[in-house]
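Here is the structure we will look at.
Throughout, a chain's letter reflects where its sequence line sits, starting with A, and its residues are numbered from 1. Small disclaimer: the values here were computed from a predicted structure and weren't measured.
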Number of protein chains: 2
Amino acid sequence: MQRAGLQRGVGVALWRQIADGIRSGLTNGLVDDNGRLPPESELAERFGVNRHTVRAAISALAHEGVLHSVQGSGTFVRRRKRLVYPIGARTRFSSGFGRQTRDRQTELLDHAREAAASEVAEALGIKAGEEVLRLEMRGIADGLPVSRATSWFSAERFPKIVDLYLETKSITASLARLGIEDYLRASTGVEARHADEADTDELQLSPGAIVIVTRALNVDPDGVPIQFSFTRFPADRVELTIETARPTR
Amino acid sequence: MQRAGLQRGVGVALWRQIADGIRSGLTNGLVDDNGRLPPESELAERFGVNRHTVRAAISALAHEGVLHSVQGSGTFVRRRKRLVYPIGARTRFSSGFGRQTRDRQTELLDHAREAAASEVAEALGIKAGEEVLRLEMRGIADGLPVSRATSWFSAERFPKIVDLYLETKSITASLARLGIEDYLRASTGVEARHADEADTDELQLSPGAIVIVTRALNVDPDGVPIQFSFTRFPADRVELTIETARPTR
DNA sequence: TCTATTTGTCTATATCAATAGACAAATTTT
DNA sequence: AAAATTTGTCTATTGATATAGACAAATAGA
């Protein structure tokens, strides 16, 4: 029963080494057929540390969404099936995840009126420096953050969008109130990078995690830009599917 | 002047993050033309931490041999030229590094009498379980560890090898006292792997460093095995050259 | 139902990590 | 020679990390 290579005094906390070890060792015969981890006391003995140190590691992984514990029963690996976020002409922020989860919600974290940066202005087809409304939103599914979006609207065209959103809890509904019965996803760019500090904070990720970033533009039926947004998805919780063509039926 | 992405409370000490940052940023315009780092106070401000935290990072890198500091002057990048360890028929542990360094020494860390494991027995041409003498040695050049060797000798044939080594400070001289005027390197195997805990400890490496491991057998002029040894070299301080053929002259 | 197992919570203690400030010692610049 | 710069050392304080032990609360199994 070896101490599995934990190193002390090297500037990396034991609980972090153990958390990384458990995460990478999930496939490695550590979990049983029911997706259950060995009891904390056994893990503590196996790693050669105190039970509380193991608990700190498990707590980090639980916060990250990898594990969850049940008092009296044990600690289990979470449903690792990623949510599928479809991207196509009819993509809607609120309904993206459809019926894949029981409990989902969108919350407005912050909003502001500001001058349009060049990239935003170009996307929305306005002049740089013109006023825009910025909305910071987060999507949560089954208690775990699955998306983090920053959106811009023209302040001149949609001055009341924030109030409407707070009332209706939906961008689609808000736009409908403003007479825009339909809108389309004109373009979507996709990138991936390591999580920065804001990501680890707001999406409950651990350092080193990967986020998928989409850059999207919604337009009205006449092709006039309505909404420009950046959305960050945790790569281990979400995958994207691109609908390039609509199946005929 | 950004805080360069340091993260607090994630189980990785700030000094370790800074040390890694400095090490990987050495090429990245951090050092000037004289190989000098910015003053500690400036680094502290740049990373957004206390000067003492920067000092902890520098201390780790100095211990690792990457940097060295001079009071009143500054902190400099060490001569990064690797020592060359030639391997051939006449390879001697003590004189391997020749005149590449001014100050070099070999020290005996530990020794023991034990039963030969199967690999050792096979190499030395004796029966498994026969007694052998194991010597743990370390080579130091300019104050920095450059090799770590474990050697086995037949206890029956060389019972006094440890005493002789302590007296002569040389394996070659010890064997000469025993009437073995010459010996040859019969075979050398070479591998590379990540440093384990013993390596980081005894070779002053940081976690994640790479070590080159040689597996060598020395024989007397009649081809009878004398010494079997494993040697670990830090890959960032030492490189091996293999002499396959001896130049005629 | 009773018992054993397992996670959750609490107190206490020691060491490491990080900050803060002051001053000494060596070096470089003026 | 004097001043400025830079590393080295010291004390003190706060919070994070890790250990130790005890017991509560929930669950599973006999």
Side-chain angles (χ1 to χ4, degrees), chain A residues 3-22 30-63 66-78 200 206-207, chain B residues 3-22 30-63 66-78 200 206-207:
Chain A
R3 263 186 297 113
L6 293 192
Q7 296 181 304
R8 289 164 192 260
V10 294
V12 181
L14 293 179
W15 65 262
R16 159 88 12 230
Q17 297 182 52
I18 292 170
D20 295 344
I22 288 177
L30 200 58
V31 299
D32 66 11
D33 299 332
N34 298 327
R36 209 187 94 152
L37 234 61
E40 295 169 352
S41 54
E42 193 180 319
L43 288 173
E45 193 179 3
R46 191 181 299 201
F47 286 111
V49 300
N50 191 274
R51 184 182 149 224
H52 290 95
T53 307
V54 169
R55 282 180 61 76
I58 289 175
S59 166
L61 292 172
H63 191 258
V66 176
L67 301 176
H68 79 284
S69 301
V70 180
Q71 184 171 161
S73 182
T75 300
F76 302 84
V77 180
R78 273 223 183 213
T200 58
S206 70
Chain B
R3 266 185 298 110
L6 293 191
Q7 296 181 306
R8 288 163 192 262
V10 294
V12 182
L14 293 181
W15 65 262
R16 159 78 27 221
Q17 297 182 53
I18 291 170
D20 294 345
I22 289 178
L30 200 58
V31 299
D32 68 10
D33 299 332
N34 297 326
R36 209 189 95 153
L37 235 62
E40 294 169 351
S41 53
E42 192 181 318
L43 287 173
E45 194 180 1
R46 191 182 298 203
F47 285 110
V49 300
N50 191 273
R51 184 180 149 226
H52 290 94
T53 308
V54 169
R55 282 179 62 75
I58 289 175
S59 166
L61 292 173
H63 191 256
V66 176
L67 302 176
H68 77 287
S69 301
V70 180
Q71 185 173 159
S73 182
T75 300
F76 303 84
V77 180
R78 272 223 184 211
T200 58
S206 69

To the nearest Å, how far apart are [X] [atom1] and [N] [atom2]?
X     : N      : atom1 : atom2 : answer
A:Q17 : D:dT17 : CD    : C1'   : 12 Å
B:E42 : D:dT6  : CD    : P     : 8 Å
A:R8  : D:dA18 : CZ    : C1'   : 8 Å
A:L67 : C:dG8  : CG    : C1'   : 16 Å
A:R16 : D:dA18 : CZ    : C1'   : 16 Å
A:N50 : C:dT13 : CG    : P     : 16 Å
A:H68 : C:dG8  : NE2   : C1'   : 15 Å
B:L6  : C:dT19 : CG    : C1'   : 15 Å

Taking only the side-chain nitrogens and oxygens of [X], find out if one of them lies under 4.0 Å from OP1 or OP2 of [N].
X     : N      : value
A:T53 : D:dT19 : yes
B:R55 : C:dA17 : no
A:R36 : C:dT6  : yes

If you look at every heavy atom in [X] and [Y], which pair is closest and at what distance?
X     : Y     : value
A:W15 : A:A57 : O-CB, 3.3 Å
B:L67 : B:I22 : CD1-CG2, 4.4 Å
B:R16 : B:V12 : CG-CG1, 3.8 Å

Sequence neighbours left out, what passes side chain to side chain contact (heavy atoms under 4.5 Å, CB included) with [X]? Give chain and number order.
X     : answer
A:S73 : A:V70, A:F76
A:P38 : A:L30, A:E42, A:L43, A:R46
A:A44 : A:R51, A:V54

Next item on the list: Map A:V12 and A:I58 onto DNA chain C by nearest heavy atom, then report which one ends up closer to the 5' terminus.
Entry: A:I58
Next item on the list: Give the B/S/- string for nucleotides 22-30 of chain C, one per nucleotide from 5' to 3', where a protein heavy atom under 4.0 Å of the base yields B, of only the sugar-phosphate yields S, and otherwise -.
Entry: ---BBB---
Item checked: Which nucleotide in C:dT7, D:dA18, D:dT6 has an atom nearest any side-chain atom of A:E40 -> C:dT7
Check: Considering only side-chain heavy atoms of B:W15, which listed nucleotide, D:dA18, C:dT6, C:dA18, is closest?
Finding: C:dA18
Margin query: According to side chain to side chain donor-acceptor pair (under 3.5 Å), who are the partners of B:Q71, at least two apart in sequence or on a separate chain?
Written below: none
Next item on the list: Could I get the full list of side chain to side chain donor-acceptor pair (under 3.5 Å) partners for B:T75, not counting sequence neighbours?
Entry: B:S69
Notebook entry, point to check: Any side-chain hydrogen bond (donor to acceptor under 3.5 Å, both in side chains) pairs touching residues 54-63 of chain A, not counting sequence neighbours?
Noted result: A:E40-A:R55
Next item on the list: Can you run through DNA chain C from 5' to 3' and write each base as (, ), [, ], | or . depending on how it pairs? Watson-Crick or G-U wobble, both distances under 3.5 Å.
Entry: ||||||||||||||||||||||||||||||
Check: Under 4.0 angstrom, heavy atoms only, what part of the nucleic acid is B:T75 near: base, sugar-phosphate, or nothing?
Finding: sugar-phosphate
Next item on the list: Check whether any side-chain heavy atom of A:Q17 sits under 4.5 Å from a side-chain heavy atom of A:T53, and report yes or no.
Entry: no
